[in-house]
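Before any comments, here is the structure.
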Amino acid sequence: MKYRKLKNGKYKIVDMNIITYEEVVMKYFNQNVSMETILKENEFYDEYYKCIRLINKRLRSIKEIKKITNSDVLDRLITNGYLNDLRYAKAFIHDKYLLSNEGPLKIKYKLISNDIDELVIDEILKEYDFSKKIKNTLLKYGIEDGTRKLLSRGYDLEDIKKEIQ
């Protein structure tokens, strides 16, 4: 099998006129393989790298990636450490805490909808103090309107009452 490296990091198998990935070239180096085998490997790596590009844009849960790819690619992504629901949940909660006004109940619901374990979510949420956000909202909008806003954003009524007192 003769091959040539291209500028984009892929390889061209000269004998078959196929552009493929380094992993495929290394796997079948000095072996006689059919074009179908190479094309099947290419499909796998097309999916694999497509998923990696999505994960590089923002972390994804296993459930999100499971919707768009097959189990072989999913297993490889988990094995190589690209997918990790605990890391996803920590990053998600951290971003929501810093960048949005969403409360712990709304954040928890979104993570549960991505099949993240409820106990894991509760443990991570304990690390964040939402009382400052509650106080600021109550001061800005008053008790009645502030309470209504906080409830709609996913804050617990008991937590709101604690801050009112």
Side-chain angles (χ1 to χ4, degrees), residues 8-10 19-27 37 39-165:
N8 61 2
K10 292 184 180 179
I19 295 175
T20 189
Y21 297 91
E22 180 178 7
E23 292 88 348
V24 177
V25 171
M26 297 307 287
K27 185 175 182 178
T37 305
L39 292 175
K40 188 173 182 177
E41 288 285 328
N42 274 355
E43 286 177 22
F44 174 84
Y45 283 104
D46 285 341
E47 283 289 313
Y48 181 74
Y49 286 116
K50 176 181 130 188
C51 291
I52 288 177
R53 283 190 300 275
L54 287 172
I55 294 167
N56 280 337
K57 288 180 183 174
R58 76 169 175 84
L59 285 179
R60 310 281 174 159
S61 69
I62 292 173
K63 181 181 179 182
E64 288 177 281
I65 297 297
K66 193 183 289 187
K67 289 178 185 176
I68 60 169
T69 192
N70 62 48
S71 62
D72 294 336
V73 172
L74 186 69
D75 291 342
R76 175 79 63 92
L77 290 167
I78 292 169
T79 302
N80 291 343
Y82 289 107
L83 284 178
N84 182 322
D85 276 346
L86 177 62
R87 188 175 61 221
Y88 169 77
K90 284 182 178 181
F92 186 87
I93 291 171
H94 182 75
D95 288 351
K96 290 295 180 183
Y97 180 77
L98 293 177
L99 303 174
S100 79
N101 291 320
E102 292 180 9
L105 298 177
K106 198 172 220 178
I107 293 170
K108 183 177 180 177
Y109 173 74
K110 286 181 177 181
L111 286 170
I112 289 172
S113 70
N114 273 322
D115 293 342
I116 308 297
D117 186 73
E118 193 171 346
L119 296 172
V120 171
I121 299 168
D122 290 336
E123 278 300 310
I124 299 169
L125 281 171
K126 285 179 188 176
E127 299 172 14
Y128 294 90
D129 182 19
F130 287 91
S131 63
K132 291 178 187 175
K133 289 186 170 211
I134 294 171
K135 283 180 190 175
N136 290 341
T137 303
L138 291 173
L139 287 172
K140 185 175 180 179
Y141 295 103
I143 292 176
E144 192 174 312
D145 287 342
T147 302
R148 199 173 313 115
K149 274 200 177 299
L150 288 166
L151 288 171
S152 70
R153 291 178 182 164
Y155 288 87
D156 186 43
L157 183 59
E158 294 301 317
D159 293 338
I160 297 169
K161 285 181 181 178
K162 285 179 192 173
E163 295 306 319
I164 291 173
Q165 295 171 353

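These numbers come from a predicted model, not from an experiment. In what follows, residues are counted from 1 in the order of the sequence shown.
How far CG of Leu125 is from NZ of Lys96: 13.0 Å, rounded to the nearest 0.5 Å. Put simply, CD1 on Ile107 and OG on Ser100 are 5.5 Å apart, with the number rounded to the nearest 0.5 Å.
Pairing each heavy atom of Glu41 with each of Val24, the nearest pair is CB-CG2, 3.7 Å. In terms of heavy-atom proximity, Val73 sits nearest to Tyr48 at CG1-CA, 3.7 Å. Shown here for Leu59 and Ala91, the closest heavy-atom pair between the two residues is CD1-CB, 3.6 Å. Closest heavy-atom contact between Tyr97 and Asp129: OH-O, 2.8 Å.
Comment: Lys108 engages Glu118 in a salt bridge, judged by a side-chain N to carboxylate O separation of less than 4.0 angstrom. Salt-bridge check for Glu102 with Lys110: passed, with a basic side-chain N closer than 4.0 Å to an acidic carboxylate O. Under a 4.0 Å N-O distance rule, the pair Glu43/Lys40 does not qualify as a salt bridge. A salt bridge does not link Glu23 to Lys27: none of the charged side-chain nitrogens sits closer than 4.0 Å to a carboxylate oxygen.
With contacts defined as side-chain heavy-atom distances shorter than 4.5 Å, the pair His94/Tyr128 qualifies. Between Thr137 and Asn101, every side-chain heavy-atom pair lies at or beyond the 4.5 Å cut-off.
Side chain of Thr79 to backbone of Asp75: a donor-acceptor contact under 3.5 angstrom is found. In this structure, Asn114 contributes its side chain and Lys63 its backbone to no donor-acceptor pair below 3.5 Å. Counting only distance, with no hydrogens or angles, the side chain of Glu64 and the backbone of Ser61 share a donor-acceptor pair below 3.5 Å.
With Tyr155 as the aromatic partner, Lys149 does not meet the cation-pi criteria of under 6.0 angstrom to the ring centre and within 45 degrees of the ring axis.
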>> Set out, in order, the CA-CA distance, both residues' side-chain angles and the distance that settles side-chain contact (heavy atoms from CB on, under 4.5 Å) for Thr20 and Lys10, then state yes or no.
In response: CA-CA 6 Å; Thr20 189; Lys10 292 184 180 179; over 6 Å; no
